[in-house]
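In what follows, a structure is listed as structure tokens, so that the remarks can point back to it.
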Amino acid sequence: TGLASTDLSAAHLQELGLSLTAYNNAAGTPGHHLPAILSAIAASGSEVGSLAALQTLASRAASAQDKILHYADETGSPTAPAPTAEDYRAIGLARFETDATGARIALVSPERVAAINAALHASGIGPDRADTPAGIKRVVTAYNAILDSANGTAGDTAVALTGEHYRDIGVTIAGVTAPGGAGKDGAILSLFNSLIDSLSAADVATPAKIEALGATVGKLIGLAGQPRTQPVSNAPASGELARFGIQSLSDDERDAFIAVLQTKAVSDFDTLGEVQALATSVRAAYARVIAYAETNGGAAPTVADYQALAITGISDNAGHRDAVNAALATTAVKGSTVARLNALQAVVDSYRLLLQQADGTADNTATADLAKLEHFENIGVDMMLLKQLDGSAAGATRNAVQLLSSLVDSRSTAAVDTPQELQQLVSLVHKLALAEQGLDTSPLLPADFALIGMPVSDAAVVAQIRAQ
């Protein structure tokens, strides 16, 4: 490991004739950099074949330890020079493996020294953790494990990263290095490690970058279980989602993706692969729904598309999905109308309510449970004629909508499974309401009565009914 376990003291080394420089450690305790010197000796191999070589080794270790200690004290020594890879090697931080020359391989490579230095120089690590090789080695070993994982190839991490690895390099991440609450810590660590595993070393080259990634993971996992009917709390921005390989989302696509995550359990997206798969399915389904609503045709959304968007209560039973698609195909329901998934859910729920009422049996739905004006408008039925009735008589709109819902209640699902069929009923109810008010601006016709199963062919009879 490069760390010595020995009873050698500074006095023993001085008796051998070594010159040791006195110093005070981070706690203010006098010493002679003994841990660094002993660590260097343990990792030296054949470098201590003479007293002169031993003196060189000891002096180099003491100087390197002092340099590392001052660099970690960014408050007391803000302009201290950064250690080199050779400085870490000088205090004995070496692997058991040897190179072609027989020397033990340094634990800190030139390619990684900047990341190690960034950890030592950040606020999460103070000089008290950098005044012995053992303390420094914890930082180095942890960061090496993280950098080994972040090699740009997903799925090949040999060492499972834990919260301790991240704590050892001085980062603070809720749910990873400290409890985050809400029972989501395991999912946060899982997704975080999965994300790190997919990145390159440059993406995790500083504790600040790692903390930013951790914060984004926390935001994403935090969405799970949030009520979709309430404003989203702390949702990641499109730029943050790009860290997960989810690129070029429009604002509406991002909002749809976030809305879907709100309906999921944390176990549904606690790996990068699951997050990306969800994003792909949401994007494809969302595009199909919006395009269908915007163009009033094309490839009709399937039940699977609605389910990918976490739309509940939709099926092919009783023509429900076809009826919802018919609503999307109206001119009143545009892509922008259902751009928010809550609005799309309202279309689905409204048509389901109407189809449930239309069971072919009249008056078997309680008045309080009959569809309301907004249910018809949600599916693209133009209710303006009925809304204008209140201009002539207070309460006329409410009564007309109740009559309309009662008519739906008497029909079969096949008779109301398109907004156009319901629009015909609106026209009929409007004429009846006008007749009730004594107005004849839109007279009843035999076809109107046939619409509700009352065929009337004699014009005189129609006139009599209109006059009543």
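Residues passing the side-chain contact (heavy atoms from CB on, under 4.5 Å) test with Thr302 are Ala304, Asp305, sequence neighbours excluded. Under the side-chain hydrogen bond (donor to acceptor under 3.5 Å, both in side chains) criterion, Lys184 pairs with no residue, sequence neighbours left out. For Ser109, the side-chain hydrogen bond (donor to acceptor under 3.5 Å, both in side chains) partners two or more places apart in sequence, or in a different chain, are Glu111. Partners of Asn399 by side-chain contact (heavy atoms from CB on, under 4.5 Å), not counting sequence neighbours: none found. Residues passing the ring-ring contact (aromatic ring centres under 6.0 Å, His included) test with Tyr71 are His121, sequence neighbours excluded.
Not one N or O on the side chain of Thr413 forms a donor-acceptor pair closer than 3.5 Å with the backbone of Ala358. Checked by atom type and distance alone, the side chain of Asn117 pairs as donor or acceptor with a backbone atom of Pro83 at under 3.5 Å. Of the possible polar contacts, none joining the His430 side chain to the Leu425 backbone as a donor-acceptor pair under 3.5 Å is found.
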Show the atom names and distances, to 0.1 Å, of all donor-acceptor pairs under 3.5 Å that link a side chain in residues 213-224 to residues at least two apart or in another chain.
residue	atom	partner	partner atom	Å
Thr216	OG1	Ala212	O	3.2
Thr216	OG1	Glu240	OE2	3.4
Lys219	NZ	Glu240	OE1	3.2
Lys219	NZ	Glu240	OE2	3.0

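For Ser427 and Gln424, the side-chain atoms include no donor-acceptor pair closer than 3.5 Å. Using modelled atom types, one finds a donor on one side chain and an acceptor on the other under 3.5 Å when comparing Asp87 with Thr84. Donor-acceptor pairing under 3.5 Å is lacking for the side chains of Asp409 and Ser406. Checked by atom type, the side-chain pair Glu421/Thr418 shows a donor-acceptor distance below 3.5 Å. Side-chain contact annotation: Asn325 with Tyr351, donor-acceptor N/O pair under 3.5 Å absent.
Using a cut-off of 4.0 Å between Lys/Arg side-chain N and Asp/Glu carboxylate O, Arg138 and Glu164 are scored as salt-bridged.
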For this session: Any chance you could lay out the ring-ring contact (aromatic ring centres under 6.0 Å, His included) test for Phe192 and Tyr166, step after step, and finish with the verdict?
Result: CA-CA 11 Å; Phe192 187 48; Tyr166 299 106; 4.9 Å; yes
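When Ile210, Val108, Asp168 are each tested for a side-chain contact (heavy atoms from CB on, under 4.5 Å) with Tyr143, only one passes: Ile210.
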